[in-house]
Amino acid sequence: ATDPKRKGKSISDPWYSGRFDETYRDVVSGCEDFLDKSPDMGLSEDDVYKDYASMKGFMDRAYNFLDNFHSYQNCNNGRTHIGAISDEFASLFNSAESKVVNSGNWLSKEGTDFEIGNGSNGNGTSIWKAYKGLRIVNRVIHDIDLVPGLSEGQRNELLGQSHFLRAWFYFQLIKRYGGMPVFDQLFVGDGDEDLPRKTYHESHDWMMTDIEKAVTMLPDVWDDNNTGRPNKVAAMAFKSMAQLYDASPLMQNDLASVQVMSYDKERAKLAAQSANAVLKYIRDHPETENRLMSKEEYTNIFYWKVPPYTQPEYLWYNRKQNTPGANYNANEGFTRYVRAFWLSSEYAQGTGNDAASYNAPTQNMVDLYEKQGDDGLYYPISHPNAKYDDQKPYEKRDPRFYNNILYPGNKWGANASGAAQYITTYVDGNMYKTVVNNNFTNKRQQTGYLCKKYIWEGEDQWKKLYGLNRVITVFIRVSQVYLDLAEASFEATGSAMAKVEGCDYSALEAMNVIRNRIGIGNVPDVICNDEKAFRQAIRRERAVELMFEDHRWWDIRRWMIAHELFSEQYPIKGMQATPKNANHANVKDKSTLEFTYKVIDVVPEERIFEMKNYWYPFSMNDAASLNNLTQNPGW
């Protein structure tokens with residue numbers, strides 16, 4: 001259990017995950033077969049089963065295969081955020097790894113390591129990671145009794161985490177592929193792994209047995225040295241999330257069909273009850289320190305300066321907590337992170353492709369933020385009560401807009417000399433010209449926006465402050481549970497006001513908790529009394545609250561609305577802001593500029609999405625090598 005190259009540091013150390021030596025990495029990266037048959041990763045049984053610490057160290061390696069969608073190259077995604085295959089971002093880089101995915105040809109051999117996972121790079125996508133994670137935790141579950149001297153508490157710790165992680169990794173597979181075989185055993189190469197697929201519901205029901213075991217075995221809290229491991233409330237929140245997926249339209253299809261379906265009301269009822277149980281548990285267990293953060297705290301949800309780099313709203317997150325720079329390139333530090341994901345060259349100080357590689361929020365997303373009407377209530381901008389003026393597009397918007405999005409003319413940050421910097425994504429502004437004149441962007445139009453949600457403001461912040469902060473992948477936070485409850489309750493009852501049996505909240509009440517937290521007040525009566533409008537309100541609220549947090553892609557698929565959202569040739573929209581002042585370049589304070597606004601197509605940003613794209617295809621190799629593996633419809 002000790003790595004000599006790490007000077008005696010135990011591999012069971014809670015911060016060891018992700019730092020094991022080249023020897024182990026080589027073993028791991030060589031595992032490229034479908035559900036690889038070498039779960040020991042090159043270790044002897046004596047190494048693995050020696051004692052509690054050894055087995056814990058082995059199990060901890062499974063944490064390396066959790067998603068980290070903020071991480072540069074974590075999923076072979078290079079410079080492209082997962083949101084760039086939904087309608088959240090336009091990826092401005094001409095060689096964006098999302099390009100093949102957005103072409104709709106998911107069985108192409110070029111570039112499909114990004115998310116779809118048909119390549120052979122074992123270090124890459126979520127899909128290969130899920131198989132590897134399953135392999136590790138299956139061994140722990142299967143062979144736990146071979147470890148001598150385990151106390152009941154130690155046994156529950158190891159099994160609770162392993163059952164949770166097995167369910168989580170399995171969930172990553174079924175939300176992409178649909179129903180899968182049951183992976184509940186060690187595969188030894190005797191043909192047992194060639195198992196028939198189950199339906200989504202059958203797969204979900206088996207997965208629930210793991211989640212239920214995790215709920216009973218995991219502790220209420222971990223000590224500070226183990227922060228980020230799943231606890232009881234994380235398992236409960238995962239349960240409600242998985243049940244909401246199970247109730248959703250896409251998941252009502254069998255293995256042979258992809259049709260637009262309705263929610264399963266009984267399954268939605270279970271999801272609502274489970275979400276309510278999470279909220280009750282949080283209220284009854286203050287020792288967990290979990291809670292919905294206040295309006296005043298909202299801007300700090302993704303901002304830390306001191307350990308343990310977590311917030312009260314996090315229920316389940318990737319415990320791998322590197323500094324952004326250390327995770328990608330220690331010499332360039334945080335600048336490589338911002339160049340790869342969020343900011344233009346004026347901030348990230350990149351040149352060439354580095355100046356053009358960021359992910360720009362879309363007008364599609366900006367349009368989802370509601371506007372305050374004359375009556376003080378907030379409405380969708382399409383509603384007449386909002387009195388939205390397309391030439392004053394950023395007035396009186398939902399406060400989350402100003403928290404998440406940088407728009408033309410914003411003053412934001414300062415350079416190393418202390419001079420104010422501005423968002424010059426307007427026509428003939430510096431950021432605009434950087435994109436349209438850069439060969440690496442294929443002359444794309446800018447969307448007009450930059451992402452603000454995960455980036456802190458300060459003097460030369462991307463150089464001086466990166467070592468003090470963390471960017472962590474959060475899988476589930478408290479606000480999501482309220483939104484899960486709202487959606488599940490509404491789809492179970494057909495009413496905004498009715499409560500599912502045993503629940504403390506109606507769909508409307510759960511929604512209003514989130515809205516009032518941020519200060520936009522209750523859903524207007526005119527919206528909640530209209531079934532179609534209220535369903536859209538639920539989905540809009542979810543998109544806004546969880547924006548850029550790796551939910552949108554899965555939501556538009558499980559709701560089966562992606563083919564509608566992406567029906568145009570160029571469905572991704574941007575804002576073309578043109579300064580009214582011809583001498584705008586000489587205006588020092590750019591925030592004083594006035595613009596005319598026009599919504600444009602972002603060309604050539606495409607999203608080709610057919611009905612077959614609702615389920616990922618199995619690679620040709622997998623389909624050919626496993627006799628009982630049924631390929632998904634249309635592929």
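What you see below is based on every heavy atom in this structure, not just the backbone, and it leaves out hydrogens, waters and symmetry mates. Here the structure is a predicted model, which is why all the values come from computation and not from measurement.
Ser591 and Asp589 are linked by a side-chain donor-acceptor pair at a separation below 3.5 angstrom, with hydrogens and angles left out of the test. One side chain, Asn522 or Asn516, offers a donor N or O that lies under 3.5 Å from an acceptor on the other. Using modelled atom types, one finds a donor on one side chain and an acceptor on the other under 3.5 Å when comparing Asp375 with Tyr379. In this model, no donor atom of one side chain and acceptor atom of the other lie less than 3.5 Å apart for Ser86 and Arg552. Side-chain atoms of Tyr369 and Asn404 include a donor-acceptor pair closer than 3.5 Å. Under 3.5 Å, the side chains of Glu297 and Ser294 contain a donor-acceptor pair of N or O atoms. Of the N and O atoms on the side chains of Ser479 and Glu545, at least one donor lies less than 3.5 Å from an acceptor on the other residue.
Less than 6.0 angstrom separates the ring centroid of Trp106 from the ring centroid of Tyr616.
Nearest heavy-atom pair, Val602 versus Ala90, reported as atom, atom and distance to 0.1 Å: CG1-CB, 4.2 Å. Scanning all heavy atoms of the two residues, the minimum distance from Glu549 to Tyr454 falls at CG-OH, 3.2 Å.
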Candidate pair Glu395 and Lys371, rule salt bridge (Lys or Arg N to Asp or Glu O under 4.0 Å), full reasoning:
CA-CA 8 Å; Glu395 288 189 356; Lys371 180 186 175 295; over 6 Å; no
Output, in order, the C-alpha distance, side-chain angles, deciding distance and verdict of salt bridge (Lys or Arg N to Asp or Glu O under 4.0 Å) for Arg517 and Glu296.
CA-CA 9 Å; Arg517 182 268 287 275; Glu296 291 72 27; over 6 Å; no
Under the salt bridge (Lys or Arg N to Asp or Glu O under 4.0 Å) rule, what do Arg607 and Asp87 come out as? Steps first, then yes or no, please.
CA-CA 8 Å; Arg607 298 289 188 276; Asp87 52 356; over 6 Å; no
Report the C-alpha distance between Glu313 and Arg291 in whole Å, list the side-chain angles of each, state the deciding distance to 0.1 Å, and finish with yes or no for salt bridge (Lys or Arg N to Asp or Glu O under 4.0 Å).
CA-CA 5 Å; Glu313 199 155 315; Arg291 59 181 173 80; over 6 Å; no
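Although no hydrogens or angles enter the test, the distance criterion places a donor-acceptor pair under 3.5 Å between the side chain of Asn364 and the main chain of Pro571.
The structure places CZ of Phe238 at 13.5 Å from CG of Leu315, a figure rounded to the nearest 0.5 Å. Atom CG of Leu483 and atom CG of Asp555 lie 9.5 Å apart (nearest 0.5 Å). Separating the OG1 atom in Thr578 from the OH atom in Tyr426 is a distance of 11.5 Å, to the nearest 0.5 Å.
For the pair Arg558 and Tyr245, the cation sits on the ring face: its NZ or CZ lies under 6.0 Å from the ring centre, inside 45° of the axis.
Counting heavy atoms from C-beta on, the side chains of Thr424 and Lys433 never come closer than 4.5 Å. At least one side-chain heavy atom of Arg535 sits under 4.5 Å from a side-chain heavy atom of Phe490. Residues Tyr388 and Arg397 have side chains in contact (heavy-atom distance under 4.5 Å, counting atoms from C-beta outward).
Electrostatic pairing of Arg539 and Glu487 does not count as a salt bridge here, judged by no charged N lying under 4.0 Å from a carboxylate O. Between Asp398 and Arg400, at least one side-chain N (NZ, or NE/NH1/NH2) sits under 4.0 Å from a carboxylate O, which counts as a salt bridge.
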